[in-house]
Structure formats: structure tokens, C-alpha cells
Amino acid sequence: MVLAALVLTLEGEAPPEPKGLRGFFYGLLQEVAPEVHDQGENPFALGFGGKEGAYWARFSLLQEGLYARLAPRLFALEGKEVRLGKPFRVRGVLQEGHPWAGVSTYARLFQGEALPDLPLRFASPTFFRRKGVHYPLPEPRLVVESLLRRLEAFGPLKAPEGVREALLERTTVRWFEGKTLKAETEVEAVGFVGKVVYHLPRATEEEARWLQALGRFAFYSGVGAKTGLGYGRARVG
């Protein structure tokens, strides 16, 4: 089961706008996968960034079927003009060779060392819906809940009950450094950007393997609320 993050390198005068990026992507969805709008969890996450002369937009897909339908449409955009709030010319479409592009599988998420420490870097404002408001602190339980929910919604595995309890109840913070930044959403919000090292004390190998898998999954799924607007973009590092 494939996970993929495709990056469009762009030529334009300003970064993509969150709502413009989402509107463009929803237009593609309406053409090739209209049923996605009725799903409870979004099987995708969006992102944007860059600097003058080197902006980019990112489309991360959590279902193999969605990748099969959307990837050809995205690769066909090379050399064309798109509107992501503002007009851009697509210089290239990458699924490797860019820090935020990549392809993996759900099985591969569980490969590698089973470590009790997980360093996560939050690259765009990250926040959570909590008691009806946006909450900007990446508390361990909120991060783990967000990642587990989406991993289990689209991946083939469910966390064993003991592992789930350990991840949710025992994961703590070993170290963090960051700040809050304003996020452009339908209502005023701020989110966290920076680095957090999460730690699972007394972790068994299975528990540590799940912790690392969640970290690798974060690269594709994003963390928290409004990942469809480009927020919650995160990666191990």
C-alpha cells in the first residue's frame, strides 16, 4: 500500500495561498475521486513553502488508489500554469529529489530501528481542535492520537491495545524548542513550529517500533487540524 508526497516546483511572485491550494486540489478530486469529500478523515495532506523564485506546493496521498488516479494528473501539470490563489507556472513535478517529496509503503513505516526517542520537527503551524478551539501545543497525547487515527484509517494495521495504551498514556517530552505562528484559517488561529523530542519510557521493542512508525507516517499525513490547508507539516529530524 503506497504512500506518496508529490511536490510541484513553482515559478511565481509569492507563495501559494492556503485556501487557493486547497481549492485547486479539491477541483482535481472532484474530477477523479469525488467520493473523497464524503470521508470522515482526509486521505491526503497539502503543503507549501519556498522562497522568491523557488516556491513549491505539496500533495501527500495516503491511499494507493488515490495516488493511482491523481498522480498522472499532477505529473501532466509540468510546464503549465495553475492557480493556487495566485497564478504559477509549474516548473517540475517531483516524487523524489526534494526534501518534502517521497514514496513509501505502510509496511516500510515499521522498518528500521525501534528506538524510544522520536524527534519530530514541525515545519508549518501545527494545532489541534480541543474543546471547540484551536490549541497550539504539541502535547504527546494529541500528537499520538492524531497520527494513530489517520494511520489506522488508511493503513492495514491496527495498534494492539497494549501498544495503544502505552503510546497514549506514557509518551512524554524529553526536549523541545519552538514558537507559535499565525495560521490563515477560516477563524483566527496560531500553531506551533519547532522541534520536539518525544520519549516513551520503559518501551518494549513493539511499542518503540510503533512510535517510530508514527513518526515516519507524520511526513505523509501531517499532524493535527487543517492539514488540508498546509498546516501540521512535520517530519522526523
Side-chain angles (χ1 to χ4, degrees), residues 5 14-26 29 36-49 57-62 84-85 100 118-155 159 164-200 210-211 214-237:
E17 297 173 359
K19 292 181 182 178
L21 177 64
R22 182 179 64 180
F24 171 79
F25 184 73
Y26 277 14
L29 282 183
V36 167
H37 290 285
D38 299 323
Q39 295 187 13
E41 287 284 342
N42 286 337
F44 61 86
L46 307 182
F48 59 92
R58 181 180 192 251
F59 304 91
S60 185
L61 310 172
L62 309 182
L84 309 174
W100 289 99
L118 173 65
L120 271 188
R121 190 173 299 277
F122 298 88
S124 69
T126 302
F127 48 91
F128 305 83
R129 290 292 294 173
R130 189 178 190 186
K131 297 181 180 179
V133 298
H134 289 138
Y135 182 74
L137 299 182
E139 295 179 6
R141 187 182 183 99
L142 295 176
V143 171
V144 169
E145 278 182 335
S146 172
L147 292 170
L148 265 180
R149 186 178 64 250
R150 301 191 81 189
L151 177 61
E152 293 185 337
F154 305 115
R164 170 186 294 277
E165 182 179 357
L167 291 168
L168 290 172
E169 301 298 334
R170 298 209 319 264
T171 304
T172 185
V173 172
R174 185 184 289 279
W175 182 88
F176 79 94
E177 181 179 28
K179 60 183 179 180
T180 54
L181 282 181
K182 184 177 180 181
E184 296 179 30
T185 69
E186 294 83 353
V187 296
E188 185 174 341
V190 296
F192 175 87
V193 293
K195 181 177 179 178
V196 182
V197 179
Y198 296 98
H199 175 66
L200 185 56
W210 270 88
L211 180 69
L214 292 180
R216 297 183 188 106
F217 182 61
F219 178 81
Y220 297 96
S221 70
V223 179
K226 303 296 183 182
T227 55
L229 281 172
Y231 299 112
R233 181 163 46 88
R235 66 183 307 155
V236 175

Asks: On a heavy-atom basis, which atom in S124 and which in G232 lie closest, and how many Å separate them?
Replies: OG-N, 3.3 Å

Asks: If we ignore hydrogens and angles and just use 3.5 Å, is the side chain of S60 paired with the main-chain N or O of L46 as donor and acceptor?
Replies: no

Asks: The criterion is ring pair (Phe, Tyr, Trp, His ring centres under 6.0 Å); which residues satisfy it with F122, sequence neighbours excluded?
Replies: F192

Asks: Tell me, please, whether F128 has R149 positioned over its six-membered ring: NZ or CZ under 6.0 Å from the ring centre and within 45 degrees of its axis?
Replies: no

Asks: Could I get the full list of side chain to side chain contact (heavy atoms under 4.5 Å, CB included) partners for F48, not counting sequence neighbours?
Replies: P16, P18, L21

Asks: Residues in side chain to side chain contact (heavy atoms under 4.5 Å, CB included) with A166, at least two apart?
Replies: R170, E207

Asks: Rounded to the nearest 0.5 Å, how far apart are NZ of K19 and CG of L229?
Replies: 8.0 Å

Asks: Which heavy-atom pair separates L147 from G222 by the least distance, and what is that distance?
Replies: CD2-O, 3.7 Å

Asks: For E165, what residues pass the salt bridge (charged side-chain N to carboxylate O under 4.0 Å, His left out) criterion, not counting sequence neighbours?
Replies: none

Asks: Before giving the answer on side chain to side chain contact (heavy atoms under 4.5 Å, CB included), spell out for T126 and V193 the whole-Å C-alpha distance, their side-chain angles and the decisive distance to 0.1 Å.
Replies: CA-CA 7 Å; T126 302; V193 293; 5.9 Å; no

Asks: What's the spacing between S221 OG and N42 CG if we round to 0.5 Å?
Replies: 11.5 Å

Asks: Using the test side chain to side chain contact (heavy atoms under 4.5 Å, CB included), find all partners of A225 that sit at least two apart in sequence or belong to another chain.
Replies: F127, R129

Asks: Not counting sequence neighbours, which residues clear salt bridge (charged side-chain N to carboxylate O under 4.0 Å, His left out) with R141? List them please.
Replies: E145, E169

Asks: Run the ring pair (Phe, Tyr, Trp, His ring centres under 6.0 Å) test against F25 and tell me which residues pass, sequence neighbours left out.
Replies: F44, F59

Asks: Would you say E177's side chain and V196's backbone share a donor-acceptor pair under 3.5 angstrom?
Replies: no

Asks: Are any of the side-chain heavy atoms of T171 and H199 separated by less than 4.5 Å?
Replies: no

Asks: What do the steps show when you test W210 against L151 for side chain to side chain contact (heavy atoms under 4.5 Å, CB included), and what is the final call?
Replies: CA-CA 11 Å; W210 270 88; L151 177 61; 3.7 Å; yes

Asks: Nearest heavy-atom pair of E17 and G85: which atoms, and what distance?
Replies: OE1-CA, 3.5 Å

Asks: Work out which heavy atom in R130 is nearest to a heavy atom in L142; give both atom names and the distance.
Replies: NH1-CD1, 4.4 Å

Asks: Minimum heavy-atom separation for L211 to L118, with atom names?
Replies: O-CD2, 3.6 Å

Asks: Which atom pair, heavy atoms only, marks the closest approach of Y198 to P140?
Replies: CE2-CA, 3.8 Å

Asks: Hey, could you give me the CZ/CG distance between F219 and L120, rounded to the nearest 0.5 Å?
Replies: 12.5 Å

Asks: Does R121 reach the main-chain N or O of G194 with its side chain, forming a donor-acceptor pair under 3.5 Å?
Replies: no

Asks: Write out all pairs satisfying side-chain hydrogen bond (donor to acceptor under 3.5 Å, both in side chains) with one or both partners inside residues 227-237, taking only residues at least two apart or from two chains.
Replies: R150-T227

Asks: Can you name the residues that form a side chain to side chain contact (heavy atoms under 4.5 Å, CB included) with V197, not counting sequence neighbours?
Replies: D117, P119, R174, W175, K195

Asks: I'd like to know whether OH of Y135 has more than 12 heavy-atom contacts from other residues, nucleotides or ligands below 6.0 angstrom.
Replies: yes

